[in-house]
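The block underneath contains the structure these notes are about, expressed in structure tokens.
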Amino acid sequence: VAALAIIAGATAGAAALRALGRPADWVIAQCDIGQGDAVLVRSAGAVALIDTGADPALLVRCLDTLGITRLDLLVLTHFDLDHAGGVPAVVGRVETVLHGPTGRPSDEAVLDALAAGGAALALSGEGDRGVLGAYAWRLLGPPDHRGVEPGNDASLVLELRPGPACSRCPSMLALGDLGAEAQVRLAAAHDLRPVDIVKVSHHGSPDQHLPLYATVAAPLALIGVGAENTYGHPAPGLLAELSAGGTTVVRSDAHGLALIGPPAVGQSALRVWVERGAVEQLAPAGAVELVAPADAVGGAG
């Protein structure tokens, strides 16, 4: 824990977070931005954002709440509105953008706006690697970023693993919007290892390769999804499978903003705070500790 290099109070919003009972030393945050994804990763003073959701105003609200003014890395998994529509909120704030293939003039316009704001653009795909603070990241897909057709199955798939100075940082696999067939190809191409957190693909749609989730065996799953969406997300069957596998699910429609902190000193459980609602604790004992307000903690079943 001492090696995490996460300094409480390092962001402008840290004091406010403490005052509200939120973990100021959060490492992973899932923003509440409606139907879409926006996940922050913070390590050793560096910050990454994975997708932006559809609504710039909702993303600004999340960033302001957490005191985030600058992004070292923006990962645009693909260019659908619910993943890239919030980009205007971060133009001028981004150092580097990882992105997949473009297919429409509107995709190119997103990148042009970011570049005009000073961001360096990097067409990215399988095999690309880098460092974020004390994390090492790599992209597991798409396999041919210069030849794959844009869309859900061309989503950038990001794996984060703690580096030597960050042995207690939670590992994470973010699956973008991959469908089941693309997930099968991903599992066949890579020796997937267990992770602490999985960002569930496509907002919990039913189009999933469930063995992949069993392989990564994450005690915590994040689902970015809008309340009363018309797609049926997240699918009841997927939720049942995650529950049966001992995965605690945090979803933005039910729980709002979610913050994941490193284990407390002498402990091994990830600390999870949510803004509202009841979280069903299903992860194995010692894997996840719910530190949300009293009305946001539920029993297993």
Side-chain angles (χ1 to χ4, degrees), residues 5 10-12 27-29 31 33 36-54 56 59-60 62-64 66-151 154-163 165-166 169 172-177 199:
T11 69
V27 180
I28 308 289
C31 293
I33 43 77
D37 282 350
V39 175
L40 287 155
V41 183
R42 186 178 70 165
S43 174
V47 180
L49 174 64
I50 305 169
D51 289 329
T52 69
L59 181 58
V60 166
C62 181
L63 296 176
D64 287 351
L66 298 176
I68 302 299
T69 60
R70 184 75 182 167
L71 298 171
D72 298 273
L73 188 66
L74 172 62
V75 181
L76 293 178
T77 62
H78 59 300
F79 288 91
D80 286 355
L81 182 67
D82 54 347
H83 292 258
V87 159
V90 296
V91 168
R93 300 194 194 193
V94 181
E95 182 174 328
T96 301
V97 179
L98 305 183
H99 66 90
T102 57
R104 301 163 295 192
S106 58
D107 302 347
E108 295 291 345
V110 167
L111 296 179
D112 289 345
L114 288 163
L121 307 180
L123 178 60
S124 304
E126 181 180 18
D128 290 342
R129 298 172 180 268
V131 173
L132 178 81
Y135 270 113
W137 60 262
R138 65 171 179 155
L139 292 176
L140 305 184
D144 181 0
H145 56 81
R146 299 185 191 279
V148 69
E149 182 178 350
S155 294
L156 299 186
V157 177
L158 180 70
E159 182 189 63
L160 285 156
R161 295 280 177 183
C166 190
C169 293
M172 183 170 72
L173 179 65
L175 292 167
D177 270 5
K199 199 294 297 179

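Bear in mind that the values here come from a model prediction, so they are computed numbers and not experimental data. Throughout, numbering of the chain's residues begins at 1 and tracks the sequence.
The shortest side-chain heavy-atom distance between I50 and L76 does not fall under the 4.5 Å cut-off. A heavy-atom distance below 4.5 Å is found between the side chains of L73 and L98. At a threshold of 4.5 Å between non-hydrogen side-chain atoms, the residues L158 and L139 count as touching. Within the 4.5 Å cutoff, the side chain of V157 has heavy atoms near those of the L173 side chain. Proximity of D82 to D37: side-chain heavy atoms (C-beta onward) are nowhere separated by under 4.5 Å. Residues V47 and V41 have side chains not in contact (no heavy-atom distance under 4.5 Å, counting atoms from C-beta outward). Considering only heavy atoms from C-beta on, F79 stays 4.5 Å or farther from V87 through its side chain. Using a 4.5 Å heavy-atom cutoff, the side chains of L63 and L40 are in contact.
Between the side chains of D177 and S155, no donor N or O sits under 3.5 Å from an acceptor N or O.
The CG atom of L49 sits 7.0 Å away from atom SG of C31, with the distance rounded to the nearest 0.5 Å. To the nearest 0.5 angstrom, E159 atom CD is 10.5 Å from L175 atom CG. Note: T77 OG1 to H99 NE2 = 13.0 Å, rounded to the nearest 0.5 Å.
For the pair L66 and A29, the tightest heavy-atom approach, listed with the atom from each and the gap, is CD1-CB, 3.8 Å. Here the closest heavy-atom approach between residue E149 and residue A154 is recorded as O-CB, 3.2 Å. In terms of heavy atoms, A115 sits closest to L121 at CB-CD1, 4.0 Å. Here the closest non-hydrogen pair linking A46 and G133 is CB-N, 3.7 Å. Minimum heavy-atom separation, A38 to L59: CB-CD1, 4.2 Å. Closest heavy-atom contact between W137 and L132: CD1-N, 4.0 Å.
Between D128 and R138 there is no salt bridge, since no side-chain nitrogen of the basic residue lies less than 4.0 Å from a carboxylate oxygen of the acidic one. Contact check on D72 versus R42 returns no salt bridge, with no Lys/Arg side-chain nitrogen under 4.0 Å from an Asp/Glu carboxylate oxygen.
A donor-acceptor contact shorter than 3.5 Å is absent between the side chain of K199 and the backbone of M172. A donor-acceptor distance shorter than 3.5 angstrom exists from the side chain of T52 to the backbone of H83, with no hydrogens or angles considered. Remark: side-chain polar atoms of S124 are paired, donor with acceptor, to backbone N or O of A122 under 3.5 angstrom. Remark: the backbone N or O of A134 is paired with a side-chain donor or acceptor of S43 at under 3.5 angstrom. The main-chain N or O of G92 is found under 3.5 Å from a side-chain atom of R70 such that the two form a donor-acceptor pair.
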